[in-house]
Amino acid sequence: MTREPTNHESHAPRTNTAIESVSALEIVDCRLDPTLRVTVRTAGGACGTADVPCGRSTGSHEAVERRDGDDRFHGRGVEGAVETVETEIDPALAGLDVTDQRAVDRALDELDGTNDRSRLGGNTTTGVSLATAVAAADAVGLPLYRYLGRADVGSLPVPLFDVIEGGELAESGLAFQEHQLIPVGADSISEVVRMCAETYSVLGDLLEERYDARSRNVGVEGGYTPPITDPRDAFDLALAAAEEAGYGGSFALGIDAAASHFYDPESGTYAVLEEPFDRGELLEFYADLEDAYPLVSIEDPLEENDLEGTAELTRSLEAQIVGDDLFVTDPDRLRDGIERGAGDALLLKVNQVGTLTEALEAADLARRNGYDLQVSERSGQTPDTWLAELAVGLSATQIKTGVTRGERTEQYNRLLEIERALGDGAALADPPWE
Ligand SMILES: C=C(OP(=O)(O)O)C(=O)O
Ligand SMILES: [Mg+2]
């Protein structure tokens with residue numbers, strides 16, 4: 001039986017869509033770091049709530065977060081942001097129409113008045129902007145993915161599973177942040193979730209046999225943290241697990257190098273394999289990896305300002321080159337990248353830029369220029385599933401949302417619910433490697 005999930009049910013529209021109130025609460029994310037939960041209510045009784053995620057391996061061009069800087073939570077508290085929502089943003093947005101996302105985001109932009117969201121805080125504007133969209137979906141009586149996707153809902157994003165972690169997200173000794181298993185040739189979300197679950201379990205056993213049980217400890221996104229330093233070992237282990245689980249040939253590989261975080265600007269070198277690589281050597285290393293492995297996706301291969309080197313790699317490799325810290329979901333930085341031929345996929349994180357309107361603009365720009373779209377988690381998440389809804393609503397071909405831990409698996413569970421609700425109309429998207 002196909003049904004819409006009960007907690008996201010469609011219902012009759014609520015006619016008065018004017019904003020009546022905007023409120024916020026200081027909550028904690030999966031790292032016990034304080035963050036915002038924002039609620040927008042309309043005069044007609046609609047209500048939308050959104051949690052704000054937070055990065056650790058952030059790009060230096062991201063919207064600036066508002067943090068209290070005092071003794072509470074080691075300076076990470078967001079009480080000031082809560083107060084800003086309730087004393088400044090609430091009166092400024094009163095009466096605006098929740099279904100006019102552009103007008104709400106323009107008002108936030110004008111109220112902030114900075115280029116980097118440093119006055120209100122990018123976390124504050126992100127929460128208000130997303131809660132507005134959730135309230136609008138409630139007001140018109142649709143689940144968020146249908147509201148965002150208008151008539152165009154049908155394809156479901158292919159997940160990239162970060163099964164072995166390194167970089168800023170784990171103490172494994174690996175320079176690259178994520179070593180991903182990417183399902184190829186699968187037909188459904190339920191199939192890829194099962195493939196990943198079975199392979200992940202076998203990988204845990206392999207790691208325990210080869211190293212010790214502590215290798216089963218997980219990093220921030222729920223991937224394992226074995227004591228290895230060479231990404232080729234991570235690839236060999238992941239592929240061996242896939243083979244043993246009965247999925248040989250059904251997974252390709254990806255990495256999020258997050259290269260800014262092992263780059264030394266003084267020497268201009270990258271600390272990979274515990275040695276300094278210059279840019280040319282690192283580019284060669286990527287080419288060797290592509291020759292030796294089914295590597296189809298590389299995110300942030302070089303430091304975040306190296307558009308020229310990224311363009312060179314985009315031209316020379318088959319693998320898709322994804323811009324995360326490189327573009328920070330900012331239409332201006334993306335435009336610059338497109339002009340220079342840097343990358344061919346956009347990683348989309350709403351809180352990098354601070355409003356849904358700008359994130360949608362970046363998605364649109366990417367698509368019009370032949371870039372693929374990968375909607376992404378932050379390392380600091382909550383179980384709020386607007387992320388999965390956004391990926392479906394945008395018809396993104398890919399989603400990156402870690403592997404285990406509730407704040408990640410809730411995104412998979414929501415995709416499973418949506419897949420069931422779409423019934424025969426559901427199909428997995430076609431990323432460039434398919
Ligand atoms: C998810 C990532 O990490 P963070 O949220 O810490 O930027 C990433 O770099 O892609
Ligand atoms: Mg990244």
Side-chain angles (χ1 to χ4, degrees), residues 29-33 35 51-65 67 76 122-123 126 157 159-172 174-180 182 218-223 225 231 254-263 270 286 297-306 310 313 319-330 333-334 337 342-343 345-354 359 362 371-382 384 386-388 390-391 396 398-405 407-408 411:
D29 69 15
C30 61
R31 286 196 287 244
L32 269 184
D33 229 4
T35 190
D51 295 349
V52 181
C54 163
R56 174 178 289 168
S57 76
T58 50
S60 61
H61 303 285
E62 293 194 20
V64 174
E65 288 187 318
R67 300 273 175 194
R76 305 277 300 156
N123 47 348
T126 297
L160 293 83
F161 298 102
D162 173 21
V163 291
I164 294 182
E165 289 186 46
E168 301 272 299
L169 302 186
E171 300 300 329
S172 62
L174 287 158
F176 297 162
Q177 189 168 288
E178 300 182 19
H179 305 76
Q180 303 155 337
I182 305 177
V218 299
V220 169
E221 297 180 354
T225 57
I255 45 178
D256 177 5
S260 288
H261 303 283
F262 54 85
Y263 176 67
Y270 294 87
Y286 290 129
S297 180
I298 307 176
E299 180 184 325
D300 283 349
L302 296 170
E303 61 92 9
E304 64 195 348
N305 294 308
D306 193 349
T310 307
L313 198 67
Q320 78 168 356
I321 307 296
V322 187
D324 172 14
D325 295 348
L326 187 72
F327 299 138
V328 291
T329 318
D330 176 352
R333 282 187 67 86
L334 176 61
L346 169 71
L347 197 81
L348 186 133
K349 294 169 165 170
V350 181
N351 77 319
Q352 281 183 324
V353 66
Y371 278 49
D372 248 67
L373 195 57
Q374 190 178 122
V375 169
S376 173
E377 64 181 346
R378 298 311 307 245
S379 49
Q381 276 290 139
T382 78
D384 190 340
W386 61 256
L387 187 78
L390 180 67
Q398 307 163 41
I399 185 169
K400 184 173 92 156
T401 181
V403 61
T404 61
R405 301 174 35 140
E407 70 280 0
R408 324 279 153 186
Q411 311 302 329

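All values below were derived from every heavy atom in this structure, side-chain atoms included, with hydrogens, water molecules and symmetry-related copies excluded. One-based numbering, in listed order, for ligands and for the atoms of each.
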Do T35 and D51 have side-chain heavy atoms sitting under 4.5 Å apart? no

Does ligand 1 have any atom that is closer than 4.0 Å to a heavy atom of A258? no

N/O to N/O below 3.5 Å, does that happen between R378 and ligand 1? yes

Of all the heavy-atom pairs spanning G59 and E304, show the shortest one and how long it is. CA-OE1, 3.4 Å

E62 N/O to ligand 1 N/O under 3.5 Å: no

Taking every non-hydrogen atom, the tightest pair across Y286 and L313: CD1-CD2, 3.9 Å

Looking at every non-hydrogen atom in both residues, tell me the closest pair between I182 and S297 and how far apart they are. CD1-CB, 4.0 Å

Closer than 4.0 Å to some heavy atom of D256 - which atoms of ligand 1 meet that? 8 (C), 9 (O), 10 (O)

Is L390 close to V350 at the side-chain level, that is, under 4.5 Å between some pair of heavy atoms? yes

Side-chain contact test, heavy atoms from C-beta onward, threshold under 4.5 Å: evaluate it for R405 versus E221 and give yes or no. no

What do you reckon, does E168 put a non-hydrogen atom under 4.0 Å from ligand 1? no

I'd like to know if the side chain of T329 and the backbone of K349 have a donor-acceptor N/O pair within less than 3.5 Å. yes

In ligand 1, which numbered atoms sit nearer than 4.0 Å to a non-hydrogen atom of D324? 8 (C), 9 (O), 10 (O)

If you define the side chain from C-beta out and look only at heavy atoms, does anything of D330 sit under 4.5 Å from H61? no

Using a strict 4.0 Å cut-off to heavy atoms of E377, name the atoms of ligand 1 that fall inside it. 1 (C)

Distance under 4.0 Å to a non-hydrogen atom of R56: what atoms of ligand 1 satisfy this? 4 (P), 6 (O)

What protein heavy atom sits nearest atom 1 (C) of ligand 1, and how far off is it? E221 OE2, 3.4 Å

State, yes or no, whether a side-chain contact exists between S376 and Q352 at a heavy-atom distance under 4.5 Å. no

I'd like to know if the Mg ion (ligand 2) has an N/O/S atom from D256 within less than 2.8 Å of it, counting both backbone and side-chain atoms. yes

Atom 4 (P) of ligand 1: which of S379, S376, G167 has the nearest heavy atom? S379

Considering heavy atoms of the protein only, find what lies nearest to atom 8 (C) of ligand 1 and give residue, atom and distance to 0.1 Å. K349 NZ, 3.1 Å

Which atom name does E299 have for its N/O/S atom nearest to the Mg ion (ligand 2)? OE2

Do me a favour and list the nearest non-hydrogen protein atom to atom 10 (O) of ligand 1 with residue, atom name and distance? K400 NZ, 2.6 Å

Does D324 put an N, O or S atom under 2.8 Å from the Mg ion (ligand 2)? yes

Identify the protein heavy atom lying closest to atom 9 (O) of ligand 1, giving its residue, its atom name and the separation to 0.1 Å. Q177 NE2, 2.8 Å

Side-chain contact, heavy-atom cut-off 4.5 Å: N351 with N123? no

Against heavy atoms of E299, which atoms of ligand 1 measure under 4.0 Å? 10 (O)

How about E407 and R31: do any of their side-chain heavy atoms sit closer than 4.5 Å? no

State whether E178 contributes an N/O/S atom found under 2.8 Å from the Mg ion (ligand 2). no

